Amino acid sequence: QSFPHTARWPKSATARACKDPPMNYIGLSTCDTANGPGVRVSLFCSGCTLHCPGCFNEESWDFGAGRPFTDETLATLLKALEEDFVEGLSLLGGDPLEPENRDEVLRIVRAVRERFGNTKTIWLWTGRRHEKVADCPVLEYVDVLVDGPYVEKLKVHEKGYWFGSSNQRVIPLHPAG
C-alpha cells in the first residue's frame, strides 16, 4: 500500500528523525585552534562508555551532560563554518561514535557536506579502533579519523599532535585532492 502523505516530509540532511532523547553536547567552539589543523568549529558530544583512565574530558562521559543538540545548534554550527578562515569541523567528546550519538552525528556531517561540499574538512575523534567502526555511515563523510582509546601510560607530552596517547592514530579516510 502506498502512503502519499509521506511525500511531504523533507528528506534533506537537516531533517531530524524522531528519537528520544536527543544527543547532548557539552561544548561548541566556533574558533578552535587546538583540535585539528587551522581554525575549526569543534563540537564536543556528550556520552562515552569507554571511561578511559586519565581522560581529559571526563565530564563528557554522561550522555545527559550539557544541553540538547537542536536544529538551532545545527544552524549555529553551519553559520560558523561559513567563515572563509574556518578550515572545517572537529567532532569530539565524549565519543561521537557511541551508538546513541550516531544518528545525530550523521545528520550533522551530512548537513555540512550538503552545505559546503568538500570545501570544509571534517575530523572525528573516537575511542574505538577504525577496524571496529569502519562500516559506520558517519565515516563516509569524515576526512580524518583519530581513533583508539586513550591510554594514560602512553600519554604524549609533546605539543602538536592530534591525539593524547601514542596508540591513537590519525587516519586519512578521504584525503583531499
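Everything numeric in this text was worked out from a predicted model, so none of it was measured.
In terms of the side chain to side chain contact (heavy atoms under 4.5 Å, CB included) criterion, residue partners of Glu140 (sequence neighbours excluded) are, by chain and number, Pro137. With sequence neighbours excluded, no residue forms a salt bridge (charged side-chain N to carboxylate O under 4.0 Å, His left out) with Asp32. With sequence neighbours left out, Phe44 forms a ring pair (Phe, Tyr, Trp, His ring centres under 6.0 Å) with no residue at all. With sequence neighbours left out, Thr49 forms a side chain to side chain contact (heavy atoms under 4.5 Å, CB included) with Phe63, Glu98, Arg128.
Residues Leu97 and Arg102 are in side-chain contact: their nearest non-hydrogen atoms beyond the backbone lie under 4.5 Å apart. Side-chain contact check for Val105 versus Leu124: some heavy-atom pair is nearer than 4.5 Å. With a 4.5 Å cut-off on side-chain heavy atoms, Arg113 and Asn118 count as touching.
When every heavy atom of Glu59 is checked against every heavy atom of Asn57, the shortest pair comes out as OE2-OD1, 2.7 Å. Listed here is the closest heavy atom pair of Ile122 and Tyr141: CD1-O, 3.5 Å. Gly148 approaches Arg129 most closely through the heavy-atom pair CA-CD, 4.1 Å. Scanning both residues, Ser60 and Cys45, for their nearest heavy atoms gives CB-O, 4.1 Å. Across all non-hydrogen atoms, the minimal contact from Pro149 to Asn167 is O-ND2, 2.8 Å. Minimum interatomic distance between His130 and Leu139 (heavy atoms only, all atoms of both residues): CD2-CD1, 4.2 Å.
Between Trp125 atom CH2 and Asp147 atom CG the span is 12.0 Å, to the nearest 0.5 Å. The OG atom of Ser46 sits 7.5 Å away from atom CG of Asp62, with the distance rounded to the nearest 0.5 Å.
For the pair Asp95 (side chain) and Thr126 (backbone), a donor-acceptor distance under 3.5 Å is absent. Not a single donor-acceptor pair under 3.5 Å links the side chain of Arg110 to the backbone N or O of Val138.
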Report all side-chain donor-acceptor pairs from residues 22-31 shorter than 3.5 Å, counting only partners two or more places apart or in another chain.
unit_1: Asn24; atom_1: ND2; unit_2: Gly64; atom_2: O; d: 3.0
unit_1: Asn24; atom_1: ND2; unit_2: Ala65; atom_2: O; d: 3.2

Taking distance alone, no hydrogens or angles, what donor-acceptor pairs closer than 3.5 Å link side-chain atoms of residues 80-93 to residues at least two apart or in another chain?
unit_1: Glu82; atom_1: OE1; unit_2: Lys79; atom_2: NZ; d: 3.2
unit_1: Glu82; atom_1: OE2; unit_2: Arg115; atom_2: NH2; d: 2.4
unit_1: Ser90; atom_1: OG; unit_2: Asn35; atom_2: O; d: 2.4
unit_1: Ser90; atom_1: OG; unit_2: Arg40; atom_2: NE; d: 2.7

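Using a 4.0 Å cut-off between charged side-chain N and carboxylate O, Glu72 and Arg67 make no salt bridge. We find that Asp71 and Arg107 are joined by a salt bridge, their nearest charged nitrogen and carboxylate oxygen being less than 4.0 Å apart.
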From CA spacing to verdict: side-chain hydrogen bond (donor to acceptor under 3.5 Å, both in side chains), Thr70, Thr73: CA-CA 5 Å; Thr70 64; Thr73 313; 3.0 Å; yes
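A continuous path of ILVMFWY side-chain contacts below 4.5 Å connects Leu106 to Phe69, so both sit in one hydrophobic cluster. Under the 4.5 Å side-chain contact rule for hydrophobic residues, Leu50 and Phe163 do not share a cluster.
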